[in-house]
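Below, chain A is the first sequence line, B the second, and so on; all start at residue 1. This structure is a prediction, so every number in the text was calculated from the model and none was measured.
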Amino acid sequence: MAQKPAIPKGTRDFGPNVMARRDYIFNTIKEVFKLYGFEPIETPAMENLSTLTGKYGDEGDKLLFRILNSGDFLSNINDAEKQSFETLGPRISEKGLRYDLTVPFARFVVQYRNEISFPFKRYQIQPVWRADRPQKGRYREFYQCDVDVVGSDALINEAELVQLVDEVFKRLKIKVVTKINNRKVLAGLAEYIGQPEALIDITVAIDKLDKIGIDQVNAELREKGLSDKAVELLQPVLFMEGSTTEKLTMLEKLIGHLDIGAKGIAELRQLFDYLRIMDISMPVELDLTLARGLNYYTGAIFEVKAAEVPMGSICGGGRYDNLTGVFGMPDMSGVGISFGADRIYDVMQSLELFPEKAMQSTQIIFLNFGEKEMTYCLPFLQKIREKGLSAEIFPDAAKIKKQLRYADQKQIQIVVMAGESEMDAGQFTIKQMQTGEQITVAAQSLIEKLAERLKA
RNA sequence: GUGGUCGUAGCUCAGUUGGUUAGAGCAUCAGAUUGUGGUUCUGAGGGUCGCGGGUUCGAAUCCCGUCUUCCACCCCA
């Protein structure tokens, strides 16, 4: 048992069944991305630590997987440097695994600024790694599917992303609710209650509202140094009800006189105006308690949750005005969202939303009756593949029972048999596994008959 | 990173207050059926009980450590 191989904590293997489902999700997402004019890029699994550190806050830095330098990395290090992780760390590790796709993308944009024509619309589907403690639905290696537009301030980008989200989940048949907020509004609120410096603490706290309740949120706000008066002023916002228009009107009264607040409100108004004429089929709500942890967001923020399954957000994103600034390229605004493929998988699995069709692998299998019979089949096998039908031949002349069992378990729809009698008559026997129905056809009409049967 | 929790066959789990050779179902493989699957029947293989150490005449069972699982924080997809 102990000798049995294993994989690291928080990582997973994906067998053929799971892969068929994962591919279904990825392919659906990719199709929609392309439909909206996004192009794929890929970046390396590892980045220089200088690229990654400091972009995700202190918490994020702790969750970076660091890669030990190669060779005898301790030989040139003096004892003083060995005393603490702060000094030793940079000496023995210069690379780390990417933590998300957004920061590598920012690096990519800056690095290839002269080759990219803006606005740049890219999508990226790759694994990311976090040294988090795993739990259900939280892994140390997981895939993100990011779409971003950089180099355009226009709010139509936000609106189109919401539309894209709608399309993806419509295709996957997942009922979702999308929540939208704006960091400028949150900043306005922080200013309104007289503690603009507490913006981050406020967002982190109120983000937990639906999870821990109002009392706990208020307790946390006080703990973070908010005055009683400030907490008091915040209450009406946390409980704001009504339509989006009504909420915006109320907000206007509270923070409309503040520069940043007015800007945030105007952005939200514009965005919701666009959405109204876009015929979005999922519910889209303005949620003032939506904050999202990532601190680089500066405008709109989005979060998408499955309506029928309790699960964290399955998709989220926002506008970041200065992500490339840290890499020396200021004034490059971007907006993007990320789909959490693993959670989408879990949602679809629990609602049994994976279509039968997506699970099929091989469509046709030739049974193997022996060497002679196999050579009789081989030319037809090739022709079938040329037609775009997936087909295989059982490689060994095993017992028919075993071969059929193989076909059955692999959910192959059609079995083609040719033994001595069929060979002599220039025929094939076609068996449909689901019904057990069997017909014998002339060799020259085999492909036609197969195609017919598979269409039905 | 903090606190807790779990670990017995490929999978799901039994296993008495520590007591001989650790069991079942499912799965796998073989046979009943030398050209017909998903049902049935028969049989077989597969475990140093997560790993390491300790207590004991004796440990799957008790203790310590470690790894893993899951959970609550933190944070997040």
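Separating the CZ atom of A/R130 from the C1' atom of B/rA77 is a distance of 6 Å, rounded to the nearest angstrom. In this entry the distance linking CE of A/M348 with C1' of B/rA77 reads 17 Å, nearest Å. Here B/rA77 presents its P atom at 16 Å from NZ of A/K179, a figure rounded to the nearest Å. Between A/F142 atom CZ and B/rC75 atom C1' the separation is 11 Å, expressed in whole Å. Taking atom CD of residue A/Q403 and atom P of nucleotide B/rU34, one finds them 15 Å apart after rounding to whole Å. Nucleotide B/rA30 holds its C1' atom 10 Å from the NZ atom of A/K402, rounded to whole Å. Remark: P of B/rA77 and CG of A/L63 are 11 Å apart, rounded to the nearest angstrom. Following rounding to the nearest Å, A/K399 (NZ) and B/rU34 (P) show an atom-to-atom distance of 8 Å.
On the C1' atoms, B/rG45 is 36 Å away from B/rG54, given to the nearest whole Å. Separation of the P atoms belonging to B/rU66 and B/rU48 is 24 Å when rounded to the nearest angstrom. Comparing the P positions of B/rA60 and B/rG18 gives a spacing of 13 Å, expressed to the nearest Å. B/rA44 sits 42 Å from B/rU5 when the P atoms are compared, rounded to a whole Å. For the C1' atom pair drawn from B/rU36 and B/rA32, the interatomic distance equals 16 Å after rounding to whole Å. For the P atom pair drawn from B/rC70 and B/rG7, the interatomic distance equals 14 Å after rounding to whole Å.
Just one residue in the list A/V237, A/L221, A/I202 forms a side chain to side chain contact (heavy atoms under 4.5 Å, CB included) with A/I193, and that residue is A/I202. Of the residues listed (A/K95, A/R107, A/R66, A/R98), the one engaging A/E47 in a salt bridge (charged side-chain N to carboxylate O under 4.0 Å, His left out) is A/R107, and it is the only one.
Remark: A/K383 is positioned above the aromatic ring of A/F380, its terminal NZ or CZ atom under 6.0 angstrom from the ring centre and at most 45 degrees off the axis. The side-chain tip of A/R22 points at the ring of A/Y143 from less than 6.0 angstrom away and within 45° of straight on.
Salt-bridge annotation for A/E392 and A/K410: present, with a side-chain N of the basic residue lying under 4.0 Å from a carboxylate O of the acidic one.
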With sugar-phosphate taken as primed atoms, P, OP1 and OP2 and all else as base, the protein-contact string of nucleotides 65-71 of chain B at under 4.0 Å (heavy atoms; B, S, -) is ---SSSS
5' to 3', nucleotides 36-44 of chain B under a 4.0 Å protein heavy-atom cut-off (B base, S sugar-phosphate only, - none) gives BBB------
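Centroid-to-centroid, the aromatic rings of A/F339 and A/F169 come within less than 6.0 Å.
In this structure, the separation between CZ on A/R21 and CG on A/L353 is 11.5 Å, given to the nearest 0.5 Å.
Residues A/C315 and A/A131 each lie close to RNA chain B; by heavy-atom proximity, the contact nearer the 5' end of the strand is made by A/A131. In terms of position along RNA chain B, the nucleotide closest to A/E220 lies nearer the 5' end than the nucleotide closest to the other residue of the pair A/E220 and A/E303.
Taking the six-membered ring where the residue is Trp, A/F354 and A/Y24 present perpendicular rings, their angle passing 60° and hence far from 30°.
For the residue pair A/T102 and A/D146, a side-chain donor N or O sits within less than 3.5 Å of a side-chain acceptor on the partner.
Within the 4.0 angstrom heavy-atom criterion, only backbone atoms of the sugar-phosphate kind lie near A/S313; the bases stay farther away.
Contact of A/R138 with B/rC75 (side chain to base): a donor-acceptor pair of N or O atoms is detected under 3.5 Å.
The shortest distance between the side-chain N/O atoms of A/K208 and the OP1/OP2 oxygens of B/rC75 is below 4.0 Å.
Side-chain contact between A/M374 and A/F366 is absent, with no heavy-atom pair separated by less than 4.5 Å.
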